Each structure stands twice: as structure tokens, then as C-alpha cells.
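What you are looking at is a predicted structure, and each value in this text was computed from that prediction instead of being measured.
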Amino acid sequence: MDILNSAFHYIIPIFILFTVGYGFYKGVPVYDSFITGAKDGIEIIIGIFPYVLAIFIMVKTFQASGAHAFLNGIFSGVGSLFHVPMEVFSVAMVKPFSNAASLGIFTEILKTTGPDSLASTMAAVIMGSAETTFYVLAVYLGAVGIKRTKYLVPVCIIADACGIIIAITVVKLLF
């Protein structure tokens, strides 16, 4: 195991050296290519920044306005009928907006209910079953300039809801 751990420390440097060496071997101007890629990366970041900022503001507004707490109360009532822990709905509501926020909520669930609890298991499966839909749509569609998304957002929300419902159902059936 010690050999394996020390090998992992060398994987990235070996990969970088291999890439640079292979580029030199093929006659590619490695440094110029790197600089060109870095310039292109900065242009992409500047292009998508307004969309990422809009998503960040939307998530914070959703939480600060009390809409998150209100919806959580509604879903917890429905969840109690099916014996689904209330904490799960917080992850399910935030995941389509922000992975970082949902990860924070998931961490809190782990701390408060324990790693082997039903809530933690359901939240973990939801984290892997749902997508950060609005973030992905903002970044990818913003990067390529697509403005007309008439059916895309509803389909993505339905897909997220299906993933979340299936995640909860599978955990209820298996655990």
C-alpha cells in the first residue's frame, strides 16, 4: 500500500513530462501551444462569467428569500407520508442549482444523522443521480451563445426529478 501511495504522487508530474516530451518529439512548439491555450481559456472564462454569476446570485437569493425553507416544509410533509427523511429534500432542491451548495448540505446531513443513516444514504445517491442543471445550462449554453431554450429547461428539470425520485425509491427498496 505504501508503494501505491507514493506512486500516486508521481502520476501528474510523469504525465506532464510525457506530454511535453511527446510534443517536442512531434515538433510541436509546446510553450507557444500552452500560451495559446491559456489565452483561449481566459476568453472562455470572461465569456461565461456573467452566466456563472447569475447562477450564484440565484442560489443565494433562493436561500435568503425563504423559498428554500418554504419548499422544504412542503416536501417534508409529502416525505413523511412515504417515510423519507426531511433532510433529503434540501439536497434534492439545491442540487440542480449548485454542486458546492448541495455538497455543503450533504456534509451537514452526514454530520447530524451519521454516515450509515437513511438520510445520508439517500442524499449520497441523489448527489450522484442529479445534475447541476442550471449551472451546466448557464455555462455551456452561455459559452456557445445559445439563447433559445424553450424545451431544454423543462426537460432537464423533469430528468432531475426522475433521477431524484428513482434515487429515493432505490434506496428505500435496498436499504
Side-chain angles (χ1 to χ4, degrees), residues 11-12 15-16 34-79 82 84-115 117-172 175:
I11 289 176
I12 292 177
F15 177 75
I16 292 171
F34 176 78
I35 296 300
T36 302
K39 285 179 184 176
D40 291 346
I42 290 172
E43 290 175 16
I44 290 171
I45 290 170
I46 289 171
I48 65 172
F49 178 75
Y51 301 99
V52 174
L53 181 63
I55 290 296
F56 177 75
I57 291 170
M58 185 173 57
V59 168
K60 291 300 179 187
T61 304
F62 178 70
Q63 291 173 334
S65 69
H68 178 259
F70 175 74
L71 288 175
N72 202 18
I74 291 173
F75 286 128
S76 66
V78 172
F82 298 103
V84 176
M86 182 184 77
E87 299 91 350
V88 170
F89 295 108
S90 291
V91 172
M93 283 189 297
V94 175
K95 179 68 175 176
F97 297 103
S98 169
N99 191 53
S102 62
L103 187 59
I105 294 170
F106 175 62
T107 303
E108 270 307 304
I109 292 172
L110 287 174
K111 287 179 185 176
T112 57
T113 65
S117 68
L118 182 63
S120 294
T121 306
M122 280 185 182
V125 176
I126 288 171
M127 289 291 289
S129 301
E131 180 61 75
T132 52
T133 303
F134 293 101
Y135 175 79
V136 169
L137 290 177
V139 170
Y140 294 130
L141 298 181
V144 294
I146 295 175
K147 302 262 189 258
R148 288 184 244 152
T149 60
K150 183 176 182 180
Y151 299 110
L152 188 60
V153 173
V155 168
C156 289
I157 292 171
I158 291 169
D160 274 340
C162 288
I164 290 166
I165 291 168
I166 291 169
I168 291 171
T169 305
V170 167
V171 170
K172 287 289 287 180
F175 298 98

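- For NZ of Lys172, the number of neighbouring non-hydrogen atoms (other residues, nucleotides, ligands) closer than 6.0 Å is greater than 12.
- A distance of 5.5 Å separates CD in Glu43 from CG in Asp40, rounded to the nearest 0.5 Å.
- Between Val84 and Phe75 the shortest side-chain heavy-atom distance does not fall below 4.5 Å.
- Nearest heavy atoms, Thr133 versus Cys156: CG2-CB, 3.2 Å.
- Using a 4.5 Å heavy-atom threshold, the side chains of Phe70 and Ile74 count as touching.
- The CG atom of Leu71 sits 10.5 Å away from atom OG of Ser90, with the distance rounded to the nearest 0.5 Å.
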Can you list the steps and then say if Asp160 with Lys95 is a side-chain contact (heavy atoms from CB on, under 4.5 Å)? CA-CA 9 Å; Asp160 274 340; Lys95 179 68 175 176; over 6 Å; no
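- Side-chain atoms of Leu141 and Thr149, non-hydrogen and from C-beta on, do get closer than 4.5 Å to each other.
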Please report the C-alpha distance between Phe134 and Val153 in whole Å, then the side-chain angles of each, then the deciding distance to 0.1 Å, and finally whether the side-chain contact (heavy atoms from CB on, under 4.5 Å) criterion is met. CA-CA 8 Å; Phe134 293 101; Val153 173; 3.8 Å; yes
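- Val91 and Phe106 get closest at one heavy-atom pair: CG2-N, 4.1 Å.
- Phe97 has its ring centre no less than 6.0 Å from the ring centre of Tyr135.
- For the residue pair Ile109 and Thr113, the shortest heavy atom distance occurs at O-OG1, 2.7 Å.
- With hydrogens and angles ignored, the 3.5 Å screen pairs no side-chain donor or acceptor of Ser102 with any backbone N or O of Val94.
- Summarising the local packing, CD1 of Ile12 is surrounded by 12 or fewer heavy atoms from other residues, nucleotides or ligands at distances under 6.0 Å.
- In plain terms, the two heavy atoms of Met127 and Asn99 that are nearest each other are CE-OD1, 4.0 Å.
- Residues Pro85 and Met122 form a side-chain contact, since some pair of their non-hydrogen atoms from C-beta on lies under 4.5 Å apart.
- Considering all non-hydrogen atoms of both residues, Ala119 and Glu87 come closest at CB-OE1, 3.8 Å.
- Taking 4.5 Å as the limit, every side-chain heavy atom of Val125 sits out of range of all side-chain heavy atoms of Ile168.
- Considering OG of Ser98 and NZ of Lys60, their distance stands at 7.5 Å, rounded to 0.5 Å.
- Ile44 contributes atom CD1, which lies 14.5 Å from atom NZ of Lys39 (distance to the nearest 0.5 angstrom).
- One N or O on the side chain of Ser117 and one on the backbone of Ser120 form a donor-acceptor pair closer than 3.5 Å.
- Ile126 and Ala92 get closest at one heavy-atom pair: CG2-CA, 4.2 Å.
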